[in-house]
Each structure stands twice: as structure tokens, then as C-alpha cells.
Amino acid sequence: MTNSEPSLSEQQQIRLEKLNQLRELNINPYPYNYDVTHYSTGILENPSLVTEEPDNHTLRVALAGRVMTRRIMGKASFFTLQDSKGIIQIYIRRDDVGTETYNSVFKKLVDIGDFVGIKGFVFKTRTGEITVHAEEFEFLGKTVRPLPTPKEVENDKGEIVTYSAFSDKEHRYRQRYVDLVVNPEVKETFIKRTKMVQAMRDFMNRRGYLEVETPVLQPVYGGAAARPFVTHHNALDMQLFLRIANELYLKRLIVGGFDGVYEFSKDFRNEGLSRFHNPEFTQVELYVAYKDYHWMMDFMEEMIEHVALDLHGSTKVSVGDHEIDFKRPWPRIPMYEAIMNETGHDLSGKSENEIRDIAKKLHIEIEEGMGKGKLIDEIFGEYVEPKLIQPTFITDYPVEMSPLAKKHRSKEGLVERFEAICNGKEIANAFSELNDPVDQRRRFEDQVRLRSEGDEEAMTLDEDFLRAIEYGMPPTAGIGIGIDRLAMIMTNSESIRDVLFFPLMRPE
RNA sequence: GAAUCGGUAGCUCAGCUGGUAGAGCAGCGGCCUUUUAAGCCGCGGGUCGUGGGUUCGAGCCCCACCCGAUUCACCA
């Protein structure tokens, strides 16, 4: 940091002055700890705590949090205290906590946002609100910057209306800490995301699969079609890439003898940003030996159905205008059949040029160097994918677009691959893993050729990975599930930024 | 990268065909011992995103730039 400080607003200056005054009163504005016995929600949900006539035997509660609203009425006040679980009202009187604490500290030096600790008993106000009657008041942390002050109120219809909401998306993304404090639903979204990951982790652990960690910094990147971030290691004077996928390392572990391995991982792709794309994103990849992609479809259905039940108590989830039902089984439609259904064109057995003509007829924008796989992908993305709202498996992709998938056991020119599509977007990609080292080398070489022809997303040849599967890899099913996109669906969020605490933003 | 919309007080926003900036909340001073968007009286607070230009005069008009949102493109 430089020593040039931005000029302070009047409110910040006033708060800094209050900070000094606290110290002059011998009150540490930043004390070290506070013994909390109860949370706001715990008190609100437990009516047996409410007393009318407190005595020595009445249970006392101690809670801590931020002051969010204040209603001062002379010698007594109400304020709301927000802790990690929720908000509860506190009643505080001069005659209970002492004149100095009440007049000099509470009324003069406490601001909205400050941390305080309260000890007292629980009662009900005249209007029936469960409230903590403070008998002791302690200062726990001074804020020197004013918090946005949204107010929630119930209108005649019983709806919650929020006034002065902290709603500017830029501010919310940049200052997520503030967003979390004042917009309670944000916390809910992220808690749900974490629960979702936990449900998946539990599900895989119960089947005995091993959670592992593989390198983020890789000398050769691979496992997906994408441009990488490039970095440099000083001591080894070596170019390194941030991983774009975990696939090739996890398969090395299958070679090494694990039956099932999975990893929740941040991957990095050097691409544009959008509602569905952040340069760093999370996926879980799972590889299971002696299984194929049919088995993997069963597995995915079961796991995601379980996640939906775990999060919502139902297989049905509201997303935008749709209700998405994750109940098993999900439709399984071969890709050519799905394209046929939507466009009337049958691509099976067609040559690259024939497919290019069909793409032209379908008004697909065709660019130099688009191969067969890419053309098919474009047609699919334009005509089929957006229509698949309910979870659907699209199966059997052209070999040209799947260099790591095993060729189909009966359909010429295709591989045993599926993508799970939901709400018009891919949420998973899986295949029967290619374990024929000779075929794998040929596929890599095709990729190298594409790269030399200018396809920046084509894969590079990973000689060590080839060596690994030359030692032998069992039949294996593998899958990658996009955690951010699944979280968007499970939390009914319309932007990936709403399920990332700190989405990438330009510098301020 | 393109289009559209937006950036005014700590927060949410208003500001007409250009006339020198406004509300609510928040803040400050005062009153108020069961309030709840507490209330009542009084007061302060602004580089109107940045830089140019037009004009007697710009928050408003023009140009360039910065930042964001959304859509499209790119992209799984």
C-alpha cells in the first residue's frame, strides 16, 4: 500500500473519533474474545427460554454479533443484533447496564455494524416479539466504515419488503463481505453450494472412492479443449501451465491401482467471461475402474437425485420459469438422434463436407478450419442444447471431438461419451475412457495436427500420460461435473457470479 | 470484441425542453424506559465515473476514455 489514503467521508471521520473516545473511556474497541452461549435463531426457535419474571434461576443467554438497527427511546432502547445465524432484537435499559455504559457507550459510541456482546434473559415484548433483555453489554469491535443500511419490513400483505437494499451488482461482487452481511439470501446460496459439494463427497465416499489431490501447476496441460494460463517457475526456470482439467492425472492414478478416485478442483481456462464462464471454476472429476459410460449414467443420475433430495427435500427444483425434476431415470438420447429430432437432418455416416453443407443450410456461422467435430458441435449447441431443460443424457459423440474417449463398441465413427444437459447447459461430460495406448497416441497426433493448423484449443501430446497407459489402464469410466453450473441450478441463480464468492473483476 | 442500459450524499434513488443539487434511510445535536422502516424538533453532508468540448451558463448537449450489468460473439 502507498501512504496516500483516500479522503475520509464525514461518517468515517466521526467513527474514527468515536474509536478514540472508547479508548479514553478505557474500553478496548477491539477486545479478544467473548463467550457465546446462544445464537439468535436458537433463541427464536426455543419458546421455553421466554420468561416473564426473571430471577436468579432464569437461564441467561450470551450472544454476540453486529448491531444492525437501533431505536433509542431515551433511557431504554431496542436494537437488532445479527450473528452468523440470523437476527434477534435486544432490549437495553440504562437502569440495567449502568448509566455510563448506556449513555456514554451505547447511545454515543455504538454505530450500526459494530460488534457487541450481550448477556441477559429472553422475554416477549408487548407486540409478541421474542427479545433478549440485556443485563450486560460489552463492546466487541468498532467499525469505521458505515455499512449499507437496508431495512426489511413486512407490509399489509405479509410480504417482506426491503428498502434501501444493497443492490448494485458491481458493489456486491467486489465487496462480497458487505453483500454477505446485508443480504441474507446470499449466505443461503453459498451454504447451499457447500452442502451440495458435501452431499456429493459423502455419496462418493460411501462407495469407497478416494478423494485425492493432483497438481495445479503442470508442465504439460491437457484433458480438455481450452487455452491455458501460463506461468513460470523461477528456480527451475520452467514454463508451467495452470491446469485446465484433472483428467490425465486422475487416470494415471487408475493406472497406479486405485479403483475409484475423485477430486474437487479449481480449473483455469484462459477464456472470456460470461454468465456461464469464470476463468477459474470448479469441477469434480471421478474415475472408476472396470466401469463404462452406461454405468456412469446410472451413477450420475443417482448422485444428482440424491443431491436434490438432500438440498430441497424433493427431486424437483425451481429454476427461473422452469421446474426441473432430477428424478431417475433421465432420458438418454444419442446425439445424432437429438439433432435429427430438432433439425430433421440425419448426420450419421455423413462426410465432413456433407455436414458443412447441412450446417450452412441451418444458418450456422462457419469459420475457417472448423472440422467435422466442431461443425456437429455447433449444430448441436444451436438447435438442441438450449431446448434440453430437464436433465438429459446426450450420448455417442463423434470421435473427432473426443480425443480421450474410447471408440464406440458398435457405432462406427463415434465414441462412448455422454454429456448431461440441464436447463439448456452442459453440467457434466463423461466417457468410457480410452485405454488403448496405440489409439491414444494416434488421437494425440491428430490433435497436434489440428494445433499446427491453428486450433489453439487442440490438446498437446502428453508423453508421460501415454507412458502411463502403456503400462496398462483397466477399463474405466470417467466423468467431470461442473460444480458452479450445478450450483446455479440448485440455488436458482442466473449468473455464475452469484455462486462464486469472489468472481473475477477488472481492477477498480 | 459488439450492442443496449447504467455510474448523482455512506445506501437506495429523483433531478423536466441546459439556469448552478434534492428525498428517504444512515450521520450529528436535543426529547423520549416495550419500540419495530419507532416517533418528534433542529443541523450538517456532493470532484454529479474521468478528461476534453459547445454555451453567458452543463448532472443534463457533443467527443474520448474508465468501470459495471445484460444480450450477442468467443467458449463447455
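Just so we're on the same page: letters track the sequence lines, and every chain starts at 1. Being a predicted model, the structure only gives us computed values, none of them experimental.
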Which nucleotide in the set [options] lies at the smallest distance from any side-chain heavy atom of [X]?
X        : options             : result
A/Lys108 : B/G29, B/A26, B/C11 : B/G29
A/Ile112 : B/A26, B/C75, B/U35 : B/A26
A/Phe166 : B/U34, B/G10, B/C11 : B/C11
A/Arg174 : B/C67, B/C75, B/U35 : B/C67
A/Glu170 : B/A26, B/C67, B/U34 : B/C67
A/Pro148 : B/G68, B/U70, B/C11 : B/C11

Within the supplied structure, the quantity of interest is the number of heavy atoms (other residues, nucleotides, ligands) at a distance under 6.0 Å from [X] [atom1]; does it exceed 12?
X        : atom1 : answer
A/Phe276 : CZ    : yes
A/Lys407 : NZ    : no
A/Lys119 : NZ    : no

Among A/Glu433, A/Glu285, A/Glu263, the one residue meeting salt bridge (charged side-chain N to carboxylate O under 4.0 Å, His left out) with A/Lys251
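Only match with A/Lys251 under salt bridge (charged side-chain N to carboxylate O under 4.0 Å, His left out): A/Glu433.
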In whole Å, measure the gap between the C1' atoms of B/G30 and B/U17 for me.
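The same atom, C1', in both gives a distance of 45 Å.
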Between B/C63 and B/U54 - P atom distance, rounded Å
15 Å
Reading RNA chain B from 5' onward, which residue's closest nucleotide shows up sooner: A/Arg15 or A/Glu378?
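Mapping each residue to its closest nucleotide by heavy atoms, the 5'-most match is A/Arg15.
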Residue mapping more 5' on RNA chain B - nearest nucleotide basis, A/Ala226 or A/Gly74
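Per heavy-atom nearest nucleotide, the more 5' residue is A/Gly74.
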Sugar-phosphate, base or nothing in reach of A/Glu271, heavy atoms under 4.0 Å:
sugar-phosphate
Applying a 4.0 Å non-hydrogen cut-off, can you work out what A/Leu147 is touching in the nucleic acid: base, sugar-phosphate, or nothing?
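Since no nucleic acid heavy atom lies under 4.0 Å of A/Leu147, the category is nothing.
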Answer yes or no: does a side-chain N or O of A/Arg70 lie under 4.0 Å from OP1 or OP2 of B/C25?
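No, A/Arg70 has no side-chain N/O under 4.0 Å of OP1/OP2 on B/C25.
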Counting just side-chain N and O atoms, does A/Arg275 come under 4.0 Å of either OP1 or OP2 of B/U71?
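A/Arg275 to B/U71 OP1/OP2: side-chain N or O found under 4.0 Å.
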Only one of A/Tyr102, A/Phe106, A/Phe115 passes ring pair (Phe, Tyr, Trp, His ring centres under 6.0 Å) with A/Phe137; say which it is.
A/Phe106
Neighbours of RNA chain B within residues 131-139 of chain A, by heavy-atom distance under 4.0 Å
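Contacting residues: none.
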Can you tell if the side chain of A/Arg193 reaches within under 4.5 Å of the side chain of A/Thr282, non-hydrogen atoms only?
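Result yes, sub-4.5 Å side-chain heavy-atom pair found.
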Can you tell me the pairing partner of B/G46 across any strand shown, Watson-Crick or G-U wobble, with both distances under 3.5 angstrom?
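Matched B/G46 with nothing under the 3.5 Å cut-off.
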Parallel, tilted or perpendicular for A/Phe444 and A/Phe465, by the 30°/60° rule?
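Taking A/Phe465 first and then A/Phe444, their aromatic rings stand perpendicular (interplane angle over 60°).
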